[in-house]
Amino acid sequence: MAALDNVKLKELLADVESGTLQLPDFQREWKWDDDRIRAIIATVTLDYPLGVVMTLQTGGNSPFRARTLTGVQLADSSEPDLLLLDGQQRLTSLFQALCLDRPVETADARGKLIERWYYVNIAKAIGPAAERDESIVSVPPDKVLRTDFNRTVVLDLRTVEDECAAGLFPLHFVFDTQRVNAWKKAYIKADEERNWDLWGQFDEMVLQQIRTFQVPMIRLAATTSMDAVCAVFERVNTGGVPLNVFELLTATYAGDRDHVATTGDYYRLPEVWQEIKQNLVGKYPVFGRLEQGLEHGLSSSDFLQAVALARTWERKQAGLGAAVSCKRRDLLELPLADFDRLAPQVSDAFAWVGDFLQQQCIVGSADLPYRTQLVPLAAVRAIAGEATDSPAAAEMIAQWYWCGVLGEMYGGSTETRFTRDVEQLIAWIRGGGIPPDTVADAFFIADRLDNLTTRNSAAYKGIYALLIKQGAVDWHYTQAPLSPGRLDEYAVDIRQIFPKGSVRSDSGRTYPTNSIVNKTPLSYRAAQNMAGSPASYLSALAAASDMRPEWFDDVIATHLIDPEALRSNDYERFYLDRSRQLQDLVHSAMGKRTMHRDAMGDDRR
């Protein structure tokens, strides 16, 4: 339930100052600039609508860790009665400008951090309403406004007499009647004949408007669910950044009273996640690059989903839940006690996933086909444990993984597939079920090879990894097949085999030159010697490797390439033969029957 009423701005800001009204910790930082602060002050002085403020009642028993609005200084921490869901920027701006006896920390139009005091020009403020914005003035913290590279003083407001002479009323004590009256006396005394009349109009047209200004406020009941709070926040948030479940859980876990009572401190979810992510990335680069941010690669949401899958599976087995799931609701309802218990298991499971990916020759985050597919895989490991290590289970998991990648099963909505895969894969491993839908439904047809041209495709990345896994030998470092540990050292990447300019076809058929068929994993050193047509560069590569041509042909063949097709610059022969070999490679990984291009009646012209 929700209630709507109007609250005087003065009372609302007093609640901010006392800590009665605070922010849930998932709210982002205040960030309004000087121009917007002056604009909202003008809005209040004109009694124009400010917009609705939305709060959540807590009754002093908030489910979230709360924090005060920027600028509030409380002697002791206190539990709020209300949490501010919408209106942070507006109320923080007004609180700092109208209630604090210190300059406001804000930014200029270029984003540079500055401090400002806010004044209203009395003479301009009693003029036309359309000019009210111009009457609101901000000055530096020393109250001296300078121009000409700070060499010329154009306004000095360091004393009350200076303020009165300039006709600029300081807004930071507008609600302090005693200070307002003292300033009024000084102002009228400076020019009694002129200023008495000006003050009367100013008091009526500006100060009275501020004193009586009302803010419409919606109060959500304390019984409102966290899911609803999250949804409401996202709908009213005008900042354009969706609220992350991780941020909401950060606030709810920090507000967990049982944890505070047990440990004497609040739970710091971001620090827990940072330690987990750093440990994983330190050993397995496939999970991301920390220099690009903590959420690069494997994200906090991925980790929470894996935990939720493990938890809901446990609950279903115990008869406490109806389904295995990791929907938003499941994450929001994840108790701290369960997260704290399961997080180490899931962290270890992701480390196991890192080892599994290395075995599949997937090492870097840029080469990972689907990040989302790691979520159910980690959940399965966390649930099944060492049962996944048996040779039979390892074969099943590998088949499931490659069916997901090469069948491109994780390219759309994934939450339903997560649920099915966790339950079906566990049952399959334990010998009590049929292959998961991801295995049964996956297929790969020959024509797909023609369209795999960039790393945007999971299957493209998958074939790249499979070529390495099946034993491809580099064309410069020929001593041994490429291995996961050498990929970065050798600067291995996808390299084009036939340059576009060297492609010819005797039959008149055309085949793509930029597809995965015409690409293969090779080192940077090998690529440096691949200038011109294959017929011209193969001899140079063989000589650099100190190998006889027929021996080098064996190296070429490890890439599933017909060496003779390269030496004769026969692109059509090369393309058709390699397509067949890649199809066999793909279907072997998927455990599927191979359907070759010619068997499907391909007659492209």
Can you name the residues that form a salt bridge (Lys or Arg N to Asp or Glu O under 4.0 Å) with [X], not counting sequence neighbours?
| X | result |
| --- | --- |
| Asp389 | Arg381 |
| Arg341 | Glu314, Asp338 |
| Asp265 | Arg268 |
| Asp488 | none |

State which residues pass side-chain hydrogen bond (donor to acceptor under 3.5 Å, both in side chains) with [X]; sequence neighbours excluded, sorted by chain then number.
| X | answer |
| --- | --- |
| Gln424 | Asp437 |
| Ser299 | Asp302 |
| Ser515 | Tyr575 |

Task: Electrostatic pair Asp493:Lys519 at N-O distance under 4.0 angstrom - done: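 So Asp493 does not pair with Lys519 through a salt bridge.
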- [ ] Identify which one of Thr312, Asp330, Thr416 satisfies the side-chain hydrogen bond (donor to acceptor under 3.5 Å, both in side chains) criterion when paired with Ser325.
- [x]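 For Ser325, the side-chain hydrogen bond (donor to acceptor under 3.5 Å, both in side chains) test succeeds with only one of Thr312, Asp330, Thr416, which is Asp330.
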[Y] backbone acceptor or donor facing [X] side chain under 3.5 Å:
| X | Y | answer |
| --- | --- | --- |
| Gln399 | Met590 | yes |
| Ser588 | Asp584 | no |
| Ser347 | Pro344 | no |
| Gln470 | Thr558 | yes |
| Arg90 | Gly51 | yes |
| Arg315 | Leu320 | yes |
| Gln373 | Tyr401 | yes |
| Lys461 | Val405 | no |
| Arg578 | Val517 | yes |

What closest approach, in Å, do [X] and [Y] show between heavy atoms, and which atom pair accounts for it?
| X | Y | result |
| --- | --- | --- |
| Ser579 | Leu449 | O-CD1, 3.7 Å |
| Leu467 | His559 | CD2-O, 3.8 Å |
| Ala387 | Ala393 | O-CB, 3.3 Å |
| Pro369 | Ile362 | CD-CD1, 3.8 Å |
| Phe95 | Thr70 | CD2-O, 4.3 Å |
| Gly407 | Ala442 | CA-CB, 4.2 Å |

Are [X] and [Y] packed together at the side-chain level, in the sense that at least one heavy-atom pair is separated by less than 4.5 angstrom?
| X | Y | answer |
| --- | --- | --- |
| Leu85 | Leu220 | yes |
| Arg455 | Asp367 | yes |
| Pro216 | Asn6 | yes |

- [ ] Walk me through it: do Thr438 and Arg417 pass the test side chain to side chain donor-acceptor pair (under 3.5 Å)?
- [x] CA-CA 8 Å; Thr438 293; Arg417 186 167 296 279; 2.8 Å; yes
Task: Criterion side-chain contact (heavy atoms from CB on, under 4.5 Å) on Gln88 and Trp32, from CA distance to verdict - done: CA-CA 10 Å; Gln88 177 194 8; Trp32 268 16; over 6 Å; no
Task: Pairs flagged by salt bridge (Lys or Arg N to Asp or Glu O under 4.0 Å) wherever residues 316-327 is involved - sequence neighbours left out - done: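 Those involving residues 316-327 are Lys316-Glu423, Lys327-Glu415.
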Open item on the list: Show every side chain to side chain donor-acceptor pair (under 3.5 Å) that has at least one partner inside residues 287-298, sequence neighbours left out.
Closed with: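 As it turns out, the side chain to side chain donor-acceptor pair (under 3.5 Å) pairs with a partner in residues 287-298, which skip direct neighbours, are Trp273-Glu295, Arg289-Glu291, Gln292-His296, Glu295-Ser300.
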Open item on the list: Taking side chain to side chain donor-acceptor pair (under 3.5 Å) as the cut-off, I'd like each qualifying pair that reaches into residues 277-287, sequence neighbours left out, listed once.
Closed with: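 Listed by first then second residue: Tyr284-Asp355.
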Interatomic distance, [X] atom [atom1] to [Y] atom [atom2] [nearest 0.5 angstrom]:
| X | Y | atom1 | atom2 | value |
| --- | --- | --- | --- | --- |
| Lys8 | Leu13 | NZ | CG | 13.0 Å |
| Thr68 | Leu84 | OG1 | CG | 12.0 Å |
| Leu56 | Leu82 | CG | CG | 8.0 Å |
| Tyr464 | Ile516 | OH | CD1 | 9.5 Å |
| Leu12 | Thr55 | CG | OG1 | 8.5 Å |

Open item on the list: Check this for me: Glu489, atom CD, are more than 12 non-hydrogen atoms of other residues, nucleotides or ligands nearer than 6.0 Å?
Closed with: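 Buried by this count: over 12 neighbours within 6.0 Å.
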- [ ] Evaluate whether atom CD of Glu275 has more than 12 neighbouring non-hydrogen atoms of other residues, nucleotides or ligands under 6.0 angstrom away.
- [x]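 Atom CD in Glu275 is not crowded, with 12 or fewer foreign heavy atoms closer than 6.0 Å.
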Task: Aromatic ring pairing Tyr370/Tyr410, orientation class (parallel under 30°, perpendicular over 60°, tilted between) - done: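 Rings of Tyr370 and Tyr410: tilted, 30 to 60°.
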- [ ] Quick one: sort the Phe339 and Tyr253 rings into parallel, tilted or perpendicular, breaks at 30° and 60°.
- [x]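 Phe339 vs Tyr253 ring planes: tilted.
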Task: Audit row: Phe356, Thr388, side-chain contact (heavy atoms from CB on, under 4.5 Å) steps and yes/no - done: CA-CA 11 Å; Phe356 168 81; Thr388 59; over 6 Å; no
TODO: Decide yes or no on side chain to side chain donor-acceptor pair (under 3.5 Å) for Thr58 and Glu79, but give the supporting numbers first.
DONE: CA-CA 9 Å; Thr58 71; Glu79 292 292 336; over 6 Å; no
Task: Audit row: Leu91, Leu69, side-chain contact (heavy atoms from CB on, under 4.5 Å) steps and yes/no - done: CA-CA 8 Å; Leu91 292 189; Leu69 276 68; 4.1 Å; yes
Task: Selection residues 306-331 - residue pairs positive for ring-ring contact (aromatic ring centres under 6.0 Å, His included), sequence neighbours left out - done: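 Sorted pair list comes back empty.
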- [ ] Assess whether side-chain contact (heavy atoms from CB on, under 4.5 Å) is satisfied between Leu466 and Leu406, documenting all intermediate values.
- [x] CA-CA 11 Å; Leu466 284 175; Leu406 300 166; 3.8 Å; yes
Open item on the list: Tell me every residue that passes ring pair (Phe, Tyr, Trp, His ring centres under 6.0 Å) with Tyr490, counting only those two or more places apart in sequence or in another chain.
Closed with: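 Residues passing ring pair (Phe, Tyr, Trp, His ring centres under 6.0 Å) with Tyr490: Tyr477.
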